[in-house]
Amino acid sequence: MTLFSNLPGDEGLPGRERAWVMAAVMTTTLMGVFDGTMINIALPSMAAGMQIPANEAVWFANGYLLSAAMTLAIFAALAARVGYRPVFLAGLATFTLTSAGCALANTPELLTAMRVLQGIGGAATLSIAPALLRSVFPGRLLGRILGLHALLIASSSAIGPVLGGTIVDALGWQWLFAINVIPGAVALWLAWRSLPQKSASVSAPFDTPGAALSATFLGATIMAANGLTSRHGLNVESSGWGALALISGLMFIRHIRRARSPLLPPVIFQNGRFSLAALTSLASFISQGITFVALPFLFQSLYGFSPVASALLFTPWPLGIVLIAPHAGRWADTLSAPLISTLGLVIFVVGLTLLATLPASPSAWNICLRSLVCGMGFGCFQSPNNREMLSNVSREYASYASGVLSIVRTFGQCLGAAAVGVLLAVANHAGLHMALWIAVAASAAAVLFSVSRLRKAERSPA
């Protein structure tokens with residue numbers, strides 16, 4: 001296979017050794033995606049089984065998301081100081097052990113605590129997975145391997161809800177976590193066997209104040225956004241979280257500008273193409289976050305589809321990514337990555353507009369075709385854009401770039417989901433079409449960011 005071929009001057013690992021690392025990273029990613037996509041469908045069963053209200057059961061999902069978002073930047077910076085291998089191994093071991101802990105948990109408090117720890121373990125692996133792939137694959141194959149990574153995430157996202165529903169019905173919600181144990185042990189063995197022992201790229205002490213400010217800013221922002229989704233809208237609690245997010249965010253920016261070795265080096269944002277790629281990614285994932293939350297409500301509450309049918313109506317979206325992402329990654333290696341991702345975003349905007357203009361009683365095929373356009377556009381955008389982010393920083397800063405990539409993806413999806421919650425709280429189901437038009441606007445902003453970097457690409461050497 002081309003991915004494991006060797007040419008003179010190739011950086012990274014030899015072909016066969018790349019295969020082992022890829023297997024470890026892909027298995028870990030598969031578990032993380034399944035864990036995120038299967039849990040939501042099981043929340044009602046988990047609430048009933050533990051005899052708790054739905055608003056408490058939501059924290060079985062939110063606890064994972066919150067702890068992961070708060071620690072992504074921390075693990076990216078830590079990997080630059082101690083190397084990818086120890087961070088990835090520790091994160092994977094934590095994720096696997098806490099999966100067993102979740103399956104065995106018999107109280108809501110213990111399950112929530114296990115989910116928080118599981119989110120920390122997931123953040124340790126997800127924050128550096130793209131950088132790890134970059135470190136072992138030569139630059140000429142970077143787009144292809146990131147395309148395969150995007151394909152795996154998309155196909156797992158498509159299978160996850162259906163598989164999760166089947167497991168819950170047949171075996172019980174505990175098995176959603178128990179199934180991680182054996183693949184986790186295999187991935188841990190593969191990672192222990194194959195991950196290279198490389199020296200750290202940064203020798204400075206860890207930036208503890210920066211880590212605290214970063215975690216506070218990201219966590220408070222998500223809590224403030226979630227607080228707005230209540231029926232009371234803007235209240236004292238959400239205002240307090242918002243104020244904390246603003247203060248800690250400003251302090252974090254001030255700190256990294258002055259610190260000798262900051263948690264997130266500002267120098268990486270001096271590259272215009274990297275910064276524009278990050279902004280483009282943030283705007284596009286806000287759009288995706290809005291759409292992924294709004295569409296199930298639209299399908300079930302307004303169009304009358306069953307939960308199972310609604311899950312199946314989502315399938316064309318990841319299917320479109322599966323069809324186009326590997327090719328887009330290959331095109332990005334030989335053509336212009338900004339150009340390919342911009343074309344993908346234009347298709348994505350068209351697909352979102354088609355969804356926003358669905359008729360009052362659409363057929364399943366009508367919905368599926370429009371969703372397929374969205375998936376193909378997003379698949380054409382994602383892997384070239386990820387390649388653009390990782391290739392526009394030096395290898396010593398790859399873990400930081402990988403962390404930023406994970407942060408904007410997680411943060412964008414959180415903000416998108418919170419936006420839908422606000423609209424549902426304010427306008428009930430009438431706000432769903434408005435949410436889709438906001439997604440169109442956010443993706444149109446992503447197109448503008450992407451077009452801006454095309455000019456920079458023309459002025460920069462290849």
Side-chain angles (χ1 to χ4, degrees), residues 1-35 75-76 78-97 99-100 121-156 159 179-201 322 325-326 329-330 332-333 383 386-387 390-391 395-396 398-399 401-403 405-406:
M1 291 178 64
T2 305
L3 279 173
F4 310 124
S5 63
N6 295 300
L7 292 178
D10 275 353
E11 64 271 37
L13 296 179
R16 181 172 295 181
E17 295 180 34
R18 285 180 223 147
W20 290 105
V21 175
M22 187 183 82
V25 173
M26 296 300 191
T27 304
T28 304
T29 299
L30 185 67
M31 290 192 301
V33 174
F34 271 151
D35 196 80
F75 285 119
L78 191 62
R81 287 163 172 79
V82 302
Y84 299 138
R85 180 183 172 90
V87 173
F88 192 88
L89 289 173
L92 180 53
T94 300
F95 183 90
T96 303
L97 290 172
S99 292
T125 58
L126 291 174
S127 63
I128 61 172
L132 189 53
L133 292 173
R134 185 193 174 182
S135 71
V136 300
F137 281 85
R140 64 184 178 86
L141 299 174
L142 183 58
R144 299 189 190 203
I145 187 60
L146 292 178
L148 283 177
H149 196 242
L151 184 152
L152 179 70
I153 292 172
S155 57
S156 304
I159 300 170
I179 60 171
N180 286 330
V181 175
I182 293 178
V186 172
L188 195 58
W189 176 78
L190 288 171
W192 182 271
R193 180 188 186 280
S194 63
L195 294 189
Q197 293 274 11
K198 286 192 174 181
S199 59
S201 57
V322 169
R330 187 173 66 251
D333 284 333
S383 49
N386 291 352
R387 185 192 194 283
L390 289 171
S391 63
R395 282 185 174 264
E396 65 179 302
S399 67
S402 181
L405 192 157
S406 298

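Note: hydrogens, waters and symmetry copies are ignored here, and every other heavy atom, side chains too, is used.
Minimum interatomic distance between Y84 and A131 (heavy atoms only, all atoms of both residues): OH-CB, 3.7 Å. Shortest non-hydrogen contact noted between A100 and V181 is CB-CG2, 4.0 Å. Annotation for A24 and L190: closest pair CB-CB, 3.8 Å, computed over non-hydrogen atoms. Of all heavy-atom pairs between A187 and T27, the closest is CB-CG2, 3.8 Å. Shortest non-hydrogen contact noted between V82 and P86 is O-CG, 3.4 Å. Nearest heavy-atom pair across S383 and A325 is OG-O, 3.4 Å.
Among pairs with a residue in residues 20-30, none fulfils salt bridge (Lys or Arg N to Asp or Glu O under 4.0 Å), at least two apart in sequence or across chains. A side chain to side chain donor-acceptor pair (under 3.5 Å) check over residues 14-23, counting only residues at least two apart or in different chains, returns the pairs N6-R18.
Residues forming a side-chain hydrogen bond (donor to acceptor under 3.5 Å, both in side chains) with S99 (at least two apart in sequence, or on another chain): Q118, N180. Remark: A76 pairs with no residue by the side chain to side chain contact (heavy atoms under 4.5 Å, CB included) rule, at least two apart or across chains. The side-chain hydrogen bond (donor to acceptor under 3.5 Å, both in side chains) search around T29 returns H149, not counting sequence neighbours.
Within the 4.5 Å cutoff, the side chain of T96 has no heavy atoms near those of the L188 side chain. When side chains are defined from C-beta on, I128 counts as touching V87, because their heavy atoms get closer than 4.5 Å. At a threshold of 4.5 Å between non-hydrogen side-chain atoms, the residues F88 and L195 count as touching.
Proximity of a side-chain donor or acceptor of S406 to a complementary backbone N or O of L126 within less than 3.5 Å is detected.
Taking a 6.0 Å sphere around CG of L7, one finds it holds more than 12 heavy atoms contributed by other residues, nucleotides or ligands.
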Review item, side-chain donor-acceptor pairs of residues 134-147, under 3.5 Å, at least two apart:
unit_1 : atom_1 : unit_2 : atom_2 : d
R134   : NH1    : L390   : O      : 2.5
R134   : NH1    : V393   : O      : 3.0
R134   : NH2    : V393   : O      : 3.4
S135   : OG     : L132   : O      : 2.7
R140   : NE     : D10    : OD1    : 2.9
R140   : NE     : D10    : OD2    : 3.3
R140   : NH2    : S5     : O      : 3.2
R140   : NH2    : S5     : OG     : 3.2
R140   : NH2    : D10    : OD2    : 2.8

